[in-house]
Amino acid sequence: MSTIAERLRTLTQALGQRTLVMGVLNATPDSFYDGGRYTALDAALARAEQMLADGADILDIGGESTRPGATPVPEAEEMRRVVPLIEAITARFPNAVLSVDTTKSRVAERALQAGACIINDISGATFDPRMLAVAAQSGAQVALMHIQGAPQTMQQNPTYHDVVAEVRDTLAAHAQRALEAGVPPSHIWLDPGIGFGKTVQHNLELLRRLPQLRALGYPILIGTSRKSFIGHILGGLPPDERLEGTLATLALAVAWGADIVRVHDVKAAVRAVRVADALCRNAL
Ligand code: HH2
């Protein structure tokens with residue numbers, strides 16, 4: 001198996017030249033869109049193969065839903081869901097770049113040993129104090145996301161004085177803690193956490209003012225895929241009717257400074273961001 005540094009190299013070279021597409025693969029029974037579809041290893045492997053063929057730069061493997069109100073998953077169960085899957089994808093597709101969507105340092109550690117090279121932590125490494133040490137020691141890339149509260153309660157009454165300033169300051173603090181733990185600056189990505197303790201207006205404001213978050217100097221990862229604010233804008237459309245709305249957010253997120261997009265629909269997203277890249281990055 002290649003080293004984490006080798007697996008990250010291609011990604012780092014492409015970053016900024018074109019938008020990276022991270023395909024979502026949830027081995028959960030309860031995720032808001034793909035829950036229950038990929039809990040069997042065969043189905044998950046077929047999905048991984050499809051997303052890679054569709055042009056995914058990264059596959060983001062999750063074993064715990066973080067949708068509003070989701071029940072936390074015990075560590076052993078989360079490991080059971082993600083570690084064998086990461087091993088299997090790595091064995092079948094040795095060049096695939098895998099990320100683990102977890103807030104638990106021991107799950108991250110095992111996932112990295114199994115073949116992942118990115119830790120995607122929706123808590124910004126605040127739920128588990130060991131997470132940044134694991135990132136620093138392993139040399140993994142780490143995506144640090146903003147969340148207000150915790151998934152179980154975050155949508156009850158999200159409140160900010162100035163959502164962009166508060167998210168920016170929290171993300172700056174996350175990056176600072178990562179640097180202090182020994183994570184090199186080039187290994188840090190930041191994410192405003194669309195839908196994580198935010199109203200529809202908060203999400204729109206964060207996207208619109210993305211350049212202010214980009215000004216922190218780190219690549220920005222954005223996860224709008226099929227989220228409820230899109231359904232809300234479109235008069236209450238359910239998740240499986242939110243693809244076109246998602247593509248609109250991707251194009252604008254690229255224009256406003258996003259470098260990595262986390263999506264369920266890789267083929268459509270790759271096409272959308274290639275066109276956005278041609279327009280915004282002069283990347284033909
Ligand atoms: N959104 C979800 C999960 N992980 N990670 C980052 N960095 N950014 C995001 O916006 C983000 C994320 C939620 O989406 P999904 O995985 O499809 O749903 P669920 O949490 O129900 O599994």
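All residue numbers in this chain count up from 1 along the given sequence. Atoms within a ligand are numbered from 1 in the order they appear, just like the ligands themselves.
Note on Asp54 versus Arg271: no salt bridge recorded, every NZ/NE/NH1/NH2 to OD/OE distance being 4.0 Å or above. Between Asp34 and Arg37, no side-chain nitrogen of the basic residue sits less than 4.0 Å from a carboxylate oxygen of the acidic one, so the salt-bridge criterion is not met.
For ligand 1, one of its N or O atoms has an N or O atom of Asp101 under 3.5 Å away. Between Lys227 and ligand 1, an N or O atom pair is found at a separation short of 3.5 Å. For Asp30, no nitrogen or oxygen atom sits less than 3.5 Å from a nitrogen or oxygen atom of ligand 1, counting backbone and side chain alike. Inclusion of Asn120 in the set of residues having an N or O under 3.5 Å from an N or O of ligand 1 is warranted.
Using a 4.0 Å cutoff on heavy atoms, Asn26 counts as a contact of ligand 1. Residue contact annotation: Tyr33 has no non-hydrogen atom under 4.0 Å from ligand 1.
Only the side chain of Leu221 comes within contact range of ligand 1, with a heavy atom under 4.0 Å; no backbone atom does. Residue Thr66 touches ligand 1 through backbone and side chain together, judged by heavy-atom distances below 4.0 Å. With a heavy-atom cut-off of 4.0 Å, Asp34 does not touch ligand 1 at all. The backbone and the side chain of Ser31 each have at least one atom closer than 4.0 Å to an atom of ligand 1 (non-hydrogen atoms only).
Residue Met145 has at least one heavy-atom neighbour below 4.0 Å for each of these atoms of ligand 1: 6 (C), 8 (N), 9 (C). Atoms of ligand 1 found under 4.0 Å from any heavy atom of Ile122, numbered from 1 in the order shown, are 4 (N), 5 (N), 12 (C).
Ring geometry for Tyr33 against His264 counts as perpendicular: the plane angle is over 60°, on a 0 to 90° scale with 30° as the lower cut.
A donor atom on one side chain and an acceptor atom on the other are found under 3.5 Å apart for Ser123 and Asp121. No side-chain N or O of Arg47 forms a donor-acceptor pair with one of Gln50 less than 3.5 Å apart.
Residue pairs meeting the salt bridge (Lys or Arg N to Asp or Glu O under 4.0 Å) criterion with at least one member in residues 58-80, sequence neighbours excluded, are Asp30-Arg67, Asp60-Arg262, Glu64-Lys104, Glu75-Arg106, Glu77-Arg80, Glu77-Arg81, Glu78-Lys104.
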Let's go through Asp277 and Thr19 carefully: what are the C-alpha distance in whole Å and the side-chain angles of both, what is the deciding distance for side-chain hydrogen bond (donor to acceptor under 3.5 Å, both in side chains) to 0.1 Å, and is it a yes or a no?
CA-CA 7 Å; Asp277 283 348; Thr19 305; 2.6 Å; yes
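With distances taken over non-hydrogen atoms, the option nearest atom 16 (O) of ligand 1 out of Arg67, His264, Arg262 is Arg262.
A donor-acceptor pair is defined here as one N or O able to donate and one able to accept, closer than 3.5 Å; such a pair exists between the side chain of Glu166 and the backbone of Asp162.
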